[in-house]
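Shown next, in structure tokens, is the structure this report addresses.
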Amino acid sequence: MKIDLTDTTASKINKGLVKARRAIGTPAVGMVLTLVVVTDEENAYDALKAANDASREHPSRTLVVIKRVSRSPRDRTQSRLDAEVRVGTDAGSGETVVLRLYGEVSDHAQSVVLPLLLPDAPVVVWWSVDAPRDPANDPLGALSQRRVTDSYAAEKPVDELRSRAESYEPGDTDLAWARITPWRSMLAAALDQVDCEIVSVEVAGEESNPSVELLAMWLADRLHVHVRRAVSAGPGLTQVRLETTGGPITLHRSDGAMATLALPGQPDRAVALKRRETSELLAEELRRLDPDDTYASALRFGVDRLGGIQSAAERAEAAAQPVPALPVRAVTEPAATGVQPASSESGNSDRPTPAKMPPVKKADPQ
């Protein structure tokens, strides 16, 4: 059921919700949170569809905030709020209110949203596009326990990761982080099956995909080794290669669906590693409302501490050259262990020596 309200108020919207529930005989019970979706007209359909699909796992009241652009000075001085109330099959497993803000009221979206929040229920804000530089201090972000951004939607994803690291507050997260959950789980399981020391890592993927940087930072932060970020044609993440004292470990995905896991001394095996829809990523983030310390640690490691980006042609050329000694990469302390060149007294100073690493089980998928 849909109810259109033009030039309305928050009070009339609440009355519209009650009227719609009575009309279809649905009580206002079973909703576990309020999801505030901040988007624009261009992306509103996709964002609303993702939120509705995610609500089937997390029944919620979804408030979609769309700030309309005023084209003339007169329009910018006139405030107006239009709303569309959706209940029943049109709103997933909860209820949806689409809010369109015009004029000066666009600068005070929190005043419109606040009266519509479910009482005594958590609040999650998701910016599908144009996330603020500091989500925790944004007027809408200040109302929530969890703040979800998507650096993949930014014009410069790598710069967006730097901004997220600078402004991080407990409760912040990013859909680019949720995209690598299957990769982290698979790599952690693979490392549990071998008994060796990690020497170096290379992560390859699309140049404009921030999930590649996040996975590389997670590996560098957890394993305390040199991690190089390489560029491939995609789609998305394509390969992780871990050089170990027992031989290379590779997880390669070329088609965005199935991947091949290769472990030293074991036959290659095919594993499912499908790229997931936005609704699945959003549902994953809604499963936890506490701070994600693993994400915070990986994010704060810093993009600039990763190895230089190489294209496929540059990697092939580099592979034909003698392997140089890998540089020491400090992680938590200036003297953090890394890959050290062999002593000149050994007569083999051009060969890298593996660092004394903690057990590989430290690669925690959580």
For Thr62, enumerate each residue passing the side-chain hydrogen bond (donor to acceptor under 3.5 Å, both in side chains) test, keeping only those at least two apart in sequence or located in another chain. none
Name all residues meeting the salt bridge (charged side-chain N to carboxylate O under 4.0 Å, His left out) criterion together with Arg253; count only those two or more places apart in sequence or in a different chain, and write none if there are none. none
For Ala176, check side chain to side chain contact (heavy atoms under 4.5 Å, CB included) against everything at least two apart and list the hits. Ser151, Asp174, Arg179, Pro210, Ser211, Leu214
Could you list the residues that satisfy salt bridge (charged side-chain N to carboxylate O under 4.0 Å, His left out) with Asp159, not counting sequence neighbours? Arg162
Those residues at least two apart in sequence (or on a different chain) that pass side chain to side chain contact (heavy atoms under 4.5 Å, CB included) with Pro170 are Tyr168, Pro291
Show every salt bridge (Lys or Arg N to Asp or Glu O under 4.0 Å) that has at least one partner inside residues 266-283, sequence neighbours left out. Arg276-Glu284
Which residue pairs satisfy the salt bridge (Lys or Arg N to Asp or Glu O under 4.0 Å) criterion with at least one member in residues 117-143, sequence neighbours excluded? Arg133-Glu166
Is there a donor-acceptor pair closer than 3.5 Å between any side-chain N or O of Asp4 and the backbone N or O of Glu84? no
Tell me whether Thr39 contacts the main-chain N or O of Ser128 through its side chain, where contact means a donor paired with an acceptor under 3.5 Å. no
Can you list everything that forms a side chain to side chain contact (heavy atoms under 4.5 Å, CB included) with Ala216? Sequence neighbours excluded, please. Val203, Val227, Leu306
Where at least one partner belongs to residues 254-263, residue pairs that pass salt bridge (Lys or Arg N to Asp or Glu O under 4.0 Å), sequence neighbours excluded: none
In short, salt bridge (Lys or Arg N to Asp or Glu O under 4.0 Å) pairs touching residues 36-50 with sequence neighbours left out are Glu41-Arg68, Glu41-Arg100, Lys49-Asp53
For Asp221 and Ser297, what are the C-alpha separation, side-chain angles and deciding distance, and is it a side-chain hydrogen bond (donor to acceptor under 3.5 Å, both in side chains)? CA-CA 7 Å; Asp221 179 56; Ser297 181; 2.5 Å; yes
How would you list, by chain and number, every residue that makes a salt bridge (charged side-chain N to carboxylate O under 4.0 Å, His left out) with Glu243, sequence neighbours excluded? Arg241
What pairs with Ser144 under side chain to side chain contact (heavy atoms under 4.5 Å, CB included), at least two apart in sequence or on another chain? Val123, Val125, Arg147
